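Here is the structure we will look at, set down as structure tokens.
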Amino acid sequence: MEKREKKNKINWKRTFKNNKYMLDFIIKVSPGILILEFISTVLMAISTFFTTTYLYKYAFDALQNGESIKNIVIFLVGFFAFSIFSKVFGNICDSYIQINFPKLEAHIQNILHKKAATVDLACFENTEFYDTYVKAVDEAGQRVMAVKNSIMDIVWAFVYGASILTVVFTIDPIFILIALIPLLFTVFIGKRRNRVQYEYDIKNKEIARQRDYVRRTFYLKDYSKEMRLTNIHTVMLKRMRKSITEMKLLVKKYGYKMMFFRYLFDLLFQVVVRTGSIILAVYKTLVSKTMLIGGCYVVVNSIESLADNFNYIVGTVLKLDENSLYIDNLRDFLEYEIKIAEDKNAPEIKKFRSLEINNLSFNYGNDTPYVLNNISLNIKAGEKIAFVGYNGAGKTTLIKLLQRLYDPSAGEIKINGENIKNIRLSSYRGLFGTVFQDYQLFATTIAENVTLGDDKTNEKKDIVENSLKKAGIYDKIQRLPKGMDTIVTKEFDENGAVFSGGEAQKISISRIFAGDNEIVIMDEPTSALDPIAEQEMYNNMFEACEGKTVIFISHRLSSTVMADKIYMLENGKIAEQGTHNELLKLNGKYADMWHKQADNYTR
Ligand code: ADP
């Protein structure tokens with residue numbers, strides 16, 4: 001994935017564009033959040049200025065000038081009414097944001113999930129991409145709010161700061177210069193501080209990912225048996241200790257730097273601004289007598305706020321730059337150009353006639369060895385094709401390429417004589433109904449696990465029932481109190497169903513009986529079944545798939561007897577091909593495998 005250049009100087013254009021990118025999400029989903037919060041921020045800034053600064057100045061001036069009681073009462077009532085109004089408005093605004101924020105977050109997560117569901121499968125094997133994705137998903141909701149908050153902080157600091165500035169200016173402009181001192185720190189060092197924080201966060205996240213993995217192996221059911229019965233937990237604990245050490249080193253490396261920045265800033269702020277201005281104001285009031293008591297009080301009281309505000313404005317602008325670094329990750333992910341993508345203008349496949357693989361070679365990464373080498377074969381509609389071979393021969397990879405989960409590194413796959421790259425992806429993939437070796441059941445109803453996301457699951461009850469029957473699992477499901485509406489796994493429902501490996505596999509197989517796909521692909525569909533259930537399953541499958549094209553991978557050669565053509569793969573090449581009888585006659589590798597298996601069954 002292409003990385004945006006992380007320069008050490010602020011790239012204003014990028015900072016602006018990135019923050020606007022996030023702001024556009026709010027404008028699109030809930031513009032009310034921005035409008036209400038803008039008004040509320042301005043009101044609160046004015047109200048705070050009155051409470052913390054102007055009220056005192058007014059009081060001292062009123063005392064000095066002998067202001068009438070009536071005017072003082074009018075001022076106080078007006079001040080009180082305004083304070084209450086801005087507070088109530090602020091509360092309404094907060095509630096509105098609280099109610100609408102989930103909508104906004106859901107919108108962003110929806111976009112991220114849609115993207116995650118369509119990016120190339122290869123991305124999930126790329127650690128850098130995976131990290132970017134995890135960071136983007138983790139941060140998205142917070143970051144959109146961070147951008148909004150930063151902008152509102154600037155609005156607040158401008159309104160509040162400008163008000164104080166005007167008052168202090170009328171008293172003595174020298175104090176404005178003192179208030180500007182911490183700003184120099186922020187301008188010259190703040191950028192470095194943010195960079196250090198960013199580097200720390202990124203490295204911290206990498207370590208946290210390692211730790212999360214180890215934690216998962218301890219509490220997830222999937223790992224619980226190996227954890228108890230073997231010593232793998234010692235390896236995991238070692239890994240955890242390693243990540244804790246890395247964490248310590250990280251804190252050591254960055255913690256001191258961050259602490260140094262913090263103390264330097266505090267020193268400047270507390271000693272120079274606060275103490276310095278108090279000494280000067282007291283000196284001017286008591287010694288040189290060039291300042292009134294009221295002015296002294298206002299300066300001592302509000303100089304920190306003024307310095308704070310100068311600093312705040314620059315600090316928040318830097319915060320926008322920090323946001324921008326994170327938003328880069330989000331954009332890297334969302335703007336990642338999907339290589340195997342849907343092209344709405346590409347033609348669809350109306351009726352499948354043939355698949356043709358020509359000189360296909362494939363490796364998973366640029367510098368990795370080829371796992372498929374110069375494969376050529378043809379499959380005609382209605383044929384039953386078996387791929388056999390030892391582990392790692394390349395069978396699964398070949399069917400992943402057939403479904404265009406990856407594109408070939410060399411050679412091509414054609415459907416009805418046309419390169420599959422020129423066919424509309426959804427139409428092409430829609431031809432296949434597949435049972436993967438590493439199939440997944442989802443924590444939803446059994447029926448939905450069979451129809452796989454079909455909205456009309458309820459109308460398809462008969463089909464689901466029939467499919468479960470053909471897969472030989474209906475009896476068991478019928479006995480469950482909620483039948484096929486039972487939730488799979490106990491993760492979200494304590495009455496959820498837990499299936500054995502073989503039962504789960506049967507549910508996954510029932511998907512192909514329920515689907516209306518022209519090509520059925522099955523990768524080791526019966527590995528968890530006993531020989532009798534396996535034979536039954538194949539009989540049902542061939543019967544249900546009468547007229548359909550079936551491509552299956554099987555370790556047990558008893559099923560391949562029924563195939564029209566068998567391809568024996570070895571080291572990514574087609575070693576032998578033919579019908580069962582032809583291959584037995586050839587007396588080569590397939591025959592050898594067959595005899596070894598037959599021996600096992602008859603012994
Ligand atoms: P089979 O299905 O015949 O057992 P596979 O197609 O699963 O074989 O694997 C063929 C080779 O490709 C193996 O050496 C395997 O390690 C490698 N391989 C499979 N998947 C990946 C992957 N995602 N990334 C890198 N190598 C892979």
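In each ligand, atom 1 is the first atom listed, and ligand 1 is the first ligand listed. Keep in mind that what you see is a predicted model, and the values were worked out from it rather than measured.
At least one N or O atom of Gly394 sits closer than 3.5 Å to an N or O atom of ligand 1.
Here atom 2 (O) of ligand 1 lies nearest to Thr396 when heavy atoms of Thr368, Thr396, Asn571 are compared. The residue from Tyr390, Tyr364, Tyr370 that puts a heavy atom closest to atom 26 (N) of ligand 1 is Tyr364.
Counting atoms of ligand 1 from 1 in the listed order, those under 4.0 Å from a heavy atom of Asn391 are 4 (O). Each of the following atoms of ligand 1 lies closer than 4.0 Å to a heavy atom of Ala393: 1 (P), 3 (O), 8 (O).
In this structure, a donor-acceptor pair under 3.5 Å is present between the side chains of Glu412 and Asn358. A donor-acceptor pair shorter than 3.5 Å cannot be found between the side chains of Tyr439 and Gln505.
For the ring-ring contact (aromatic ring centres under 6.0 Å, His included) with Phe552, the qualifying choice from Phe387, Tyr567, Phe436, Phe542 is Phe542, the only one to do so.
For atom 9 (O) of ligand 1, a protein heavy-atom neighbour is found at a distance under 4.0 Å.
The OG1 atom of Thr434 sits 10.5 Å away from the CZ atom of Arg429 when rounded to the nearest 0.5 Å.
Atom 15 (C) of ligand 1 has Val371 CG1, 5.0 Å as its closest protein atom, hydrogens excluded (heavy atom only). Nearest protein heavy-atom neighbour of atom 14 (O) of ligand 1: Gly392 O, 4.2 Å.
Under the 4.0 Å criterion applied to side-chain N and carboxylate O atoms, Glu543 and Lys470 are not assigned as salt-bridge partners. By the 4.0 Å N-to-carboxylate-O rule, Asp493 lies too far from Lys490 to be salt-bridged with it. Between Glu576 and Lys589, none of the side-chain N atoms (NZ, or NE/NH1/NH2) sits under 4.0 Å from a carboxylate O, so this pair counts as no salt bridge.
The parts of Thr397 lying near ligand 1 are both backbone and side chain, judged by heavy-atom distances below 4.0 Å.
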